[in-house]
Number of protein chains: 2
Amino acid sequence: MRKSAARTGPAGGKVTLEMVALRSGVSPATVSRILNGTAVVSDEKRAAVDLAIAELGFVPNPIARGLAGGRTLSAGVITQAIDSPFYGVALRGIEEVLDKAGYIPLFVSGHWNADEEKRCIEVLRSRRVDGLIVLTGRLGDAELGKVAKTLPTVITGRVLKAPGLYSLQFDDFEGARLATEHLLSLGHRRIAFIAGDPVHPDANERLRGYRSALQAAGVRFKSSLVLQGSFIEESGRAAVQRLLASGEAFSAIFAANDQMAFGAALALYEEGLRVPDDVSVVGFDDLAGATHSIPPLTTIQQSGLEMGRLAAASLLELLAGELPKAQLPKPQLIVRASTRPIAPA
Amino acid sequence: MRKSAARTGPAGGKVTLEMVALRSGVSPATVSRILNGTAVVSDEKRAAVDLAIAELGFVPNPIARGLAGGRTLSAGVITQAIDSPFYGVALRGIEEVLDKAGYIPLFVSGHWNADEEKRCIEVLRSRRVDGLIVLTGRLGDAELGKVAKTLPTVITGRVLKAPGLYSLQFDDFEGARLATEHLLSLGHRRIAFIAGDPVHPDANERLRGYRSALQAAGVRFKSSLVLQGSFIEESGRAAVQRLLASGEAFSAIFAANDQMAFGAALALYEEGLRVPDDVSVVGFDDLAGATHSIPPLTTIQQSGLEMGRLAAASLLELLAGELPKAQLPKPQLIVRASTRPIAPA
DNA sequence: TTGTACGCGTTATCAT
DNA sequence: ATGATAACGCGTACAA
C-alpha cells in the first residue's frame, strides 16, 4: 500500500520535500541542504535523496520557498508595452537567460507612464520578486535609486550609478552619427531628420549624433530639416508630409527609429516618390520588420535581444552579489536597399 | 517606541496581517475574513480594521496567500514567442483584463514545440498558477484535456470541449473565404495561395476557405497555384520566387498570414512587379505593420487584442465557477491599398 | 555532518 | 460573529 507513494511523475499531485526526506531516511533539513547546496552532505545520503527525488518526481515549491527563504526565483520586468516591436525582442532575451537560471520573469507594462510604473513596482514587490529589470521607463533617477536600495535593479536606456543598481545603455549618439555619416558618404547633403519624442533621452542623443556628423562633414545644420516625431509610424508619415509641404529640398531622410522610417517611406510612396531612387531613407533599431519592408531598410542595429540577455545576466550577477560589467554591443550600420548614392543633380 | 510600527506607506517594509490585527484589536482570522469576504463581520470591527489597513499601508502577501489558501492570483499564459507580432497583441489584452481583476499573468514561451510546452506547464504548475491560457500551442487535445482536469484552462485556436476547459476560436475558414471572395470580386481568377504550415489547424482551414470561395465562383482550383509557406516572411518571399520561376500565370496572391504577404510583396518588388498594379496581394491577421506597409495591406482582421481579452475574461469566469460563453468576433475584410481590380488582359 | 524546531504570512477548521 | 490553532512547504538558526 505504501508503495503507491511511489506513483511518480509530475502528474501525481504535490510531492513534498518532507516526503522525500521520509523515503530516503534523512531529515527534511538535509534534503533542503542538498537542494540548495547550503552545506556539505555525505555522499550516501545525497545518493539516497537524489534517488528519492527521482522516484517521487519531486519538484520544489517556489511558493513555499519564497515564504521561507525570502527568495522567489522570480524577477520583475517593467516594459512599456508587452507588444512593442523593439522591447518585445528584449523580453525574449530576458526570458531565455532567466529561464536557464531557474528564474521566471514577471512582465508588467508601464505604458510610458511614471505613475503606472510606480504601481507596477508595488505589484512586483508584493509578489516578492528577487530583482527588477526596467526597460527604459519614465521613473525619475532618484526614485529608481530608492527602489534599488531594497531591490536589485537593472535599468536600460540611461546611465545611473547607485548601490544595487546597474545600468545598460546603447550608444545612441554613435548610432545616429553612423547613420548620418552613411548618407553623407553617399553624397547626400540635404538630409532630413525625423526626431523622436524629446522626453526620451535617446531621442536627444540621436539628434546630437545627427548634428555631429553633419558638422564633421562641414554640412550646415538646418533646423527646417528637423521634423518632430513621436517614435511611431504615423508620426513619421506626418513628418514627411509636412516636409514635402514646406517645399524644403532634401535627398535623404534619417528617422530616429524604424517605425518612423516606415511611416516616412509610406508618405513618400503616397506622393509618388521612390525609395531609394528619389529619396534615401535610414532608420534606427533594426526591427524584425526592417528586413522585409519595401525596400528593405538600411538602419542602425541595436540588438534588443542582446539587450534583454545582458540585462537578465546582469541582474543574475547582482543577485549573486557580484558586480556586473556587461556592456551593450556597439551600434552597427546595416546597409540594405533603402539608401543609394545621390542622383546627380 | 512601539509607535514606530505606524510608519506608513508601501515604502516601509513588510506590514503583515498580524500587525493589522494587533493595531485594530481583533484576531488575524477576522482581518482575513474582511479581506476575503469569507464571513460576515460586525461593522465596528470592519471599520477598525479598514482604518488600521489604511494607516499601516498594509498589502496582502500573495506568496503567503498562495501557500495557505491555494490561490496565487496568478495565471499562466503559454504563448509561442513572446515577441510574436500577432500573439504579442493578445498578451496585451490578457494583461489588461487580468490586471484589473488583481491577477498577474506569467508569460512563458513554448516555441512551437510540444515538449517545451509540457515543460512550461510544469513550471507554471510549480508556481501554483490558478489557471492557464494556451495560445494555440502544439499540445495534443488529450494532453490538454488532462491538464484542464486539475487546472482551469482556456485554449485558443481550436475547438475542444472538456471539463474545466474553454476554447476560443477564430473562423479561419470564413476569413479565408472573405479574402478570396474579395479578389474574385475584383475580377481576379488566377489567384495564388501561400499556405501556412499544415501542422496548424488554422492553415488548413484557410486553405479550405480559399478553395470554397473559388468553387462558389466557378473558378477551377489549380494546385500549381498553391505554394507551401511556414507563416514567416521569408517563406512568403520564397514561395513567390518559386511561383514566378514556375511560369504559372497569376494576377493576385492570397497569403495565409500577413507576414507571408509581406514577404510575397517583397519578392514581387524585387522582380520589378508592382503591387497592386501588376499583382494584388491579400494577407491575414491585420498585424500592426499592415497599416504602414508599402502599400498598406488589404487583409483579414482577426483581433489579437480581443482574443487576449476574451481569453482572460473567460478564464476569470472559469475560476469563478461560471461557464464562459464569449465568442471571438467574426473575421472582417480590411481593404487597403494592396488590391485593385484586375487590369484588362 | 546531521537533525530539531521554529518562522515565513496567510487561510481554514474548529470551537465558542 | 469571533478567536485560537493548525496547516501550507520550505529554509535556517541552533543544537548535537
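Atom set for the values below is all heavy atoms of this structure, side chains included, hydrogens, waters and symmetry mates excluded. Since the model is a prediction, treat every value here as computed from it, not as a measurement. Proteins get letters first, then strands, A, B, ... in listed order; numbering begins at 1 in each.
Between the NZ atom of K45(B) and the C1' atom of dA1(D) there is a distance of 8 Å, given to the nearest Å. The interatomic distance linking L67(A) (CG) with dT12(D) (P) rounds to 13 Å, in whole Å. For the pair I34(B) CD1 and dG3(D) P, the computed distance is 10 Å after rounding to whole Å. Rounded to whole Å, atom P of dG3(C) lies 12 Å from atom CG of L22(A). Rounded to a whole Å, the CE atom of M19(A) is 14 Å from the C1' atom of dC8(D). The CD1-P distance, from I63(A) to dC8(D), rounds to 15 Å in whole Å. The CZ atom of R33(B) sits 10 Å away from the C1' atom of dA4(D) (whole-angstrom rounding). Atom pair R46(B):CZ and dT2(D):C1' shows a separation of 13 Å (rounding to whole Å applied).
Across all strands, S32(A) comes closer than 4.0 Å to base atoms (heavy-atom distances). The residue R71(A) sits apart from the nucleic acid: no heavy atom pair falls under 4.0 Å. Contact annotation for V26(B): backbone-only contact, meaning every heavy-atom pair under 4.0 Å involves sugar-phosphate atoms and none involves a base.
In the set dC8(C), dG3(D), dT10(C), the nucleotide with an atom closest to the side chain of L17(B) is dT10(C). Closest to the side chain of S42(B), out of dC10(D), dG9(C), dT2(D), is dT2(D). Considering only side-chain atoms of N61(A), the nucleotide from dT13(C), dT10(C), dG9(D) that sits closest is dG9(D). Here the nucleotide nearest the side chain of A68(A), chosen from dC10(D), dT10(C), dG3(D), is dC10(D).
For the side chain to side chain donor-acceptor pair (under 3.5 Å) with D141(A), the lone residue among K146(A), K161(A), R158(A) that qualifies is R158(A).
A donor-acceptor pair shorter than 3.5 Å can be found between the side chains of Y87(B) and T136(B). R125(B) and T150(B) are linked by a side-chain donor-acceptor pair at a separation below 3.5 angstrom, with hydrogens and angles left out of the test.
Summary of the strand contacts: V40(A) and A29(A) both lie near DNA chain C, and taking for each the nucleotide with the nearest heavy atom, the more 5' one is attributed to V40(A). Mapping G69(B) and P28(A) onto DNA chain D via the closest heavy atom, the residue that lands nearer the 5' end is G69(B). Nearest-nucleotide positions on DNA chain C place T30(A) closer to the 5' end than the other of L35(B) and T30(A).
For R65(A) and dC10(D), the shortest distance from a side-chain N or O to OP1 or OP2 is not below 4.0 Å. The shortest distance between the side-chain N/O atoms of N36(B) and the OP1/OP2 oxygens of dT11(C) is below 4.0 Å.
Residues R92(B) and D83(A) are paired through a salt bridge, judged by an N-O separation under 4.0 Å between the basic side chain and the carboxylate. Between R119(B) and D99(A) a salt bridge is recorded (basic side-chain N to carboxylate O distance below 4.0 Å).
Looking at R128(B), its side chain has no donor and acceptor atom pair within 3.5 Å of the base of dG9(D).
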Hey, mind stepping through E117(A) and R138(A) against salt bridge (Lys or Arg N to Asp or Glu O under 4.0 Å) and telling me if it holds? CA-CA 8 Å; E117(A) 266 178 48; R138(A) 283 282 168 80; over 6 Å; no
